Novice: 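Before anything else, here's the structure in question.
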2 protein chains.
Amino acid sequence: MHAPVPPVGSAFLLTQLGTHAAQAFAQRIGELDLTPPQTGLLRAIAGAPGSSQQALADRLGTPATRLVALVDGLEERGLVERRRNPADRRLHAVHLTDAGTALLADIGRVAREHDDDLLAALDPGERARLRELLAKVAADRGLAPGVHPGYRTLPPA
Amino acid sequence: MHAPVPPVGSAFLLTQLGTHAAQAFAQRIGELDLTPPQTGLLRAIAGAPGSSQQALADRLGTPATRLVALVDGLEERGLVERRRNPADRRLHAVHLTDAGTALLADIGRVAREHDDDLLAALDPGERARLRELLAKVAADRGLAPGVHPGYRTLPPA
DNA sequence: TATTGTTATACTCTATAACTATA
DNA sequence: TATAGTTATAGAGTATAACAATA
C-alpha cells in the first residue's frame, strides 16, 4: 500500500484540453503555412491597422524584439507591410496587404472548422453554456479578449 | 473601412484559458522547485510504481530520451530512484523515495489551491457543470485521463 | 536624454540519431 | 538481432542586452 495519487482537478482538465486545442489549431493553421503566434499577430494588426510595432508588442504583451521577428516573417511573405511615418521617422506603421486581408478570411474559416470539430461532443445548448462559463472565468482572471497569454512568459513565482 | 476581424470561438477561449491555467500552475508549482513536466512524471510514477522508463515514456507519450533527463533531475534531488531488475538487467524500475512520496502530498495541496483560485468566479454548481462539459469534450477527443498532452509534439498537418 | 526599431547573443526545451549494455 | 537506457547533437522558440536612428 502506497500513498494515493492526488486526483486531478477541473483546472487540470482545463489545461489538458487547452493544450490539446492549441495543438489541434496549430496543426490546422499550419495548412495555411502559419504558426499560432503569426495568426494572432495578423489578427492584432487587422484590429488596429497602422499601429506601431511598439504598440502591437504592448497589446500582445510580448518583447519588441520578438515582434520584429514575427513581422519580418509576415512581411517577407507579403502579408503585411511597414510604412514609415514621415512625421516621426522612428515609427513603422504596420498594415495588412491585400494578400494579408484575404488570408485573414481563410483564418476565420479554419478557426470555425476547428471550433466545430473540437466541440463536436456538445449540442448547441451545451456549447453556449460552456462558452458562458469559460468567459466568466476568463473575465475574472483578467484575460484580455482575443489575446493569447502565450506571447508573454510569467516570472517564476 | 477594412475587412472585419473574425470573431474568436469557444475553442480559442479554451486555448486562452488553458494556457493561462498552465502558466498559473507552473508559477505555483515552482514554489516546490518543480516544473509541470516533472510534476506529471511524479504522478505517473506514483500511479504505477516500478514501471520501466520505457513504460513511463509510452504512458506519457514522450520520447525515452526526454524521460531519461526528467528522471535524472528527480533522482539527483532524491525524489525517485532507479532499481535495476536482476532478472533483466536492461530494465530500470523507477520508484518514488519517501521524500518523493511526501512531495506528492504537497503537490496535491498546491493543485487544490490552484483549482480554487482559478475557478473563484464560479459557484459550486457552475464548477460541477464546467467539469462535466470539459470531461465530455476530453473523452470525445480521446485524451487520456490525467496525462497532459504537452509531453508529445504533434506532427505538422 | 528618451524612444523606436533592430541585431547579436544566449538560454531553455525538445527531438533525432548514434552509442552501450544486456538479452 | 532486438530492446532498454544513455549520450551527443542540433533545432526551434524566446529572452536579454547592446546598438543605430531619430526625436
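Note that the structure is a prediction, hence the values are computed from the model and not measured. Proteins get letters first, then strands, A, B, ... in listed order; numbering begins at 1 in each.
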Novice: Nearest-Å distance, CG (B/Leu91) to P (C/dT20)?
Specialist: 20 Å
Novice: Using a cut-off of 4.0 Å on non-hydrogen atoms, how would the nucleic acid contact of A/Ser52 be classed: base, sugar-phosphate, or nothing?
Specialist: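 The answer is sugar-phosphate, as A/Ser52 gets under 4.0 Å only of primed atoms, P, OP1 or OP2.
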Novice: Answer yes or no: does a side-chain N or O of B/Arg84 lie under 4.0 Å from OP1 or OP2 of C/dT22?
Specialist: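 Yes, within the criterion.
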Novice: Are a donor atom and an acceptor atom from the side chains of B/Arg141 and A/His20 found within less than 3.5 Å of each other?
Specialist: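 A/His20 and B/Arg141 do have a side-chain donor-acceptor pair below 3.5 Å.
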Novice: Given that A/Asp72 and A/Asp88 both sit by DNA chain C, which one's nearest nucleotide is further toward the 5' end?
Specialist: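 Nearer the 5' end of the strand: A/Asp88.
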Novice: Are A/Leu32 and A/Val80 in one and the same hydrophobic cluster, where Ile, Leu, Val, Met, Phe, Trp and Tyr link if side-chain heavy atoms are under 4.5 Å apart?
Specialist: yes
Novice: Could you verify whether a donor N or O on one side chain and an acceptor N or O on the other, from B/Arg152 and B/Thr62, lie under 3.5 Å apart?
Specialist: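 No, B/Thr62 and B/Arg152 have no side-chain donor paired with an acceptor closer than 3.5 Å.
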Novice: Taking donor-acceptor contacts at under 3.5 Å, does the side chain of B/Arg90 reach the base of D/dT3?
Specialist: yes
Novice: Between D/dA4 atom P and B/Asp58 atom CG, what is the distance in whole Å?
Specialist: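 About 8 Å, once rounded to whole Å.
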Novice: Among C/dA15, C/dT4, C/dT22, which is the nearest nucleotide to the side chain of B/Arg66?
Specialist: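 Output: C/dA15.
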Novice: Please report the distance, rounded to the nearest Å, between CD in A/Gln53 and C1' in D/dT22.
Specialist: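 From A/Gln53 CD to D/dT22 C1': 15 Å.
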Novice: Atom CZ of B/Arg83 to atom C1' of D/dA4: distance rounded to whole Å?
Specialist: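 That distance rounds to 18 Å.
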Novice: When the distance from CD of B/Glu75 to P of D/dT6 is rounded to whole Å, what number comes out?
Specialist: 8 Å
Novice: Whole angstrom is fine here: how far is it from CD in A/Gln54 over to P in C/dG5?
Specialist: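 Between P of C/dG5 and CD of A/Gln54: 6 Å.
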Novice: Which word best sums up how the rings of A/His148 and B/Phe12 line up, parallel for under 30°, tilted for 30 to 60°, or perpendicular for over 60°?
Specialist: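 A/His148 and B/Phe12: perpendicular rings.
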Novice: Starting at atom CG of A/Asn85, determine the distance to atom P of D/dA23, rounded to an integer number of angstrom.
Specialist: 9 Å
Novice: Can you tell me whether the side chain of B/Thr65 and the base of D/dT7 have a donor-acceptor pair closer than 3.5 Å?
Specialist: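 Flag set: donor-acceptor pair detected.
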Novice: Would you mind telling me which of C/dT14, C/dT6, C/dT3 lies closest to the side-chain atoms of A/Arg82?
Specialist: C/dT6
Novice: Pick the nucleotide of DNA chain D nearest each of A/Pro86 and A/Thr35; which residue has the one closer to the 5' end?
Specialist: A/Thr35
Novice: I need the CG-P distance between B/Leu70 and D/dT7, as an integer number of Å.
Specialist: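 Checked: the CG to P distance equals 14 Å.
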Novice: Check for a donor-acceptor pair, side chain of A/Thr97 on one end and backbone N or O of A/Gly78 on the other, with a separation under 3.5 Å.
Specialist: yes
